[in-house]
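Read through the structure below, which is laid out as structure tokens, and then see the notes.
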Amino acid sequence: MHELSIAMSIIDVAQEEAAQRGVQVTAVHIKVGALSGVVADALRGSFEMACCDTPLAGSKLVIEEVPAMIQCPKCGVPKPVSSIQWFCCAECGSPGHEITQGKELQVTALEVAE
């Protein structure tokens with residue numbers, strides 16, 4: 001259940017930014033890659049629970065899930081993987097070892113009250 005510690009870190013980042021700007025955060029937008037090891041639903045629940053009794057209470061967590069992609073050695077361009085267990089190009093089946101996206105876990109935006 002490392003999602004709770006991740007949620008608490010997201011809340012810390014959002015609170016620090018809100019305090020510096022003197023605003024009230026209403027939503028936190030994040031990107032979560034398929035290879036990040038984070039379960040989006042568990043993170044949503046953890047965020048809601050961790051927000052209680054903080055300035056972010058009642059705010060939303062908006063998650064953009066990012067698919068895993070590899071640089072396909074045969075196609076020569078980034079392609080989705082066939083599965084996160086098999087790092088093969090979903091189109092031609094060539095195995096790839098260069099991950100181009102899918103490991104993300106980052107706060108991308110904050111929505112604030114006007």
Side-chain angles (χ1 to χ4, degrees):
M1 181 92 182
H2 67 117
E3 282 81 1
L4 180 57
S5 64
I6 293 168
M8 294 171 72
S9 295
I10 291 169
I11 291 166
D12 288 345
V13 167
Q15 283 185 175
E16 184 177 319
E17 190 66 26
Q20 286 179 356
R21 296 175 186 259
V23 295
Q24 173 65 43
V25 173
T26 58
V28 179
H29 293 250
I30 65 170
K31 285 186 176 182
V32 176
L35 304 173
S36 68
V38 175
V39 177
D41 287 339
L43 185 57
R44 281 187 193 94
S46 296
F47 181 83
E48 186 177 322
M49 182 176 64
C51 279
C52 292
D53 300 327
T54 74
L56 271 72
S59 64
K60 296 184 309 183
L61 181 64
V62 180
I63 299 175
E64 177 186 348
E65 296 187 47
V66 179
M69 305 269 289
I70 57 167
Q71 179 69 28
C72 178
K74 187 173 179 182
C75 300
V77 295
K79 296 283 185 167
V81 296
S82 55
S83 81
I84 61 171
Q85 285 82 31
W86 300 101
F87 286 63
C88 298
C89 176
E91 294 184 24
C92 73
S94 296
H97 62 278
E98 184 182 342
I99 300 168
T100 60
Q101 75 174 33
K103 297 189 285 184
E104 299 85 347
L105 179 56
Q106 63 187 139
V107 175
T108 57
L110 300 175
E111 288 182 36
V112 298
E114 291 185 33

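- Note on K31 versus E104: no salt bridge recorded, every NZ/NE/NH1/NH2 to OD/OE distance being 4.0 Å or above.
- Rounded to the nearest 0.5 Å, atoms OG1 (T100) and CD1 (I70) are 8.0 Å apart.
- Looking only at side-chain heavy atoms (C-beta outward), V13 and V28 stay at 4.5 Å or farther from each other.
- In this structure, F87 CZ and L35 CG are separated by 4.5 Å, a value rounded to the nearest 0.5 Å.
- Between the side chain of T26 and the backbone N or O of E111 there is at least one donor-acceptor pair closer than 3.5 Å.
- In this structure the side chain of S59 reaches within 4.5 angstrom of the side chain of C51, judged on heavy atoms.
- In plain terms, the two heavy atoms of P95 and P73 that are nearest each other are O-CG, 3.3 Å.
- Put simply, the side chain of S36 does not reach to within 4.5 Å of the side chain of K103, judged on heavy atoms.
- Linking Ile, Leu, Val, Met, Phe, Trp and Tyr residues whenever their side-chain heavy atoms come within less than 4.5 Å leaves V32 and V81 in two separate clusters.
- In terms of heavy-atom proximity, A14 sits nearest to L56 at CB-CD2, 3.6 Å.
- Not a single donor-acceptor pair under 3.5 Å links the side chain of Q101 to the backbone N or O of V66.
- For the residue pair H29/E64, the side-chain donor-acceptor check at 3.5 Å is not satisfied.
- Note: the hydrophobic cluster containing L4 does not contain I30 (ILVMFWY, side chain heavy atoms under 4.5 Å, direct or indirect links).
- Rounded to the nearest 0.5 angstrom, I10 CD1 and L61 CG are separated by 5.5 Å.
- Proximity of a side-chain donor or acceptor of Q24 to a complementary backbone N or O of P55 within less than 3.5 Å is detected.
- The two residues C72 and K79 come nearest to each other via the heavy atoms CB-CG, 3.9 Å.
- Taken together through direct or relayed side-chain contacts under 4.5 Å among Ile, Leu, Val, Met, Phe, Trp and Tyr, M49 and M8 form part of one hydrophobic cluster.
- Nearest heavy atoms, L110 versus V107: CD2-CG1, 4.3 Å.
- Of all non-hydrogen atoms in L43 and E3, the two that sit nearest each other are CD1-O, 3.5 Å.
- In this structure, C89 SG and E91 CD are separated by 5.5 Å, a value rounded to the nearest 0.5 Å.
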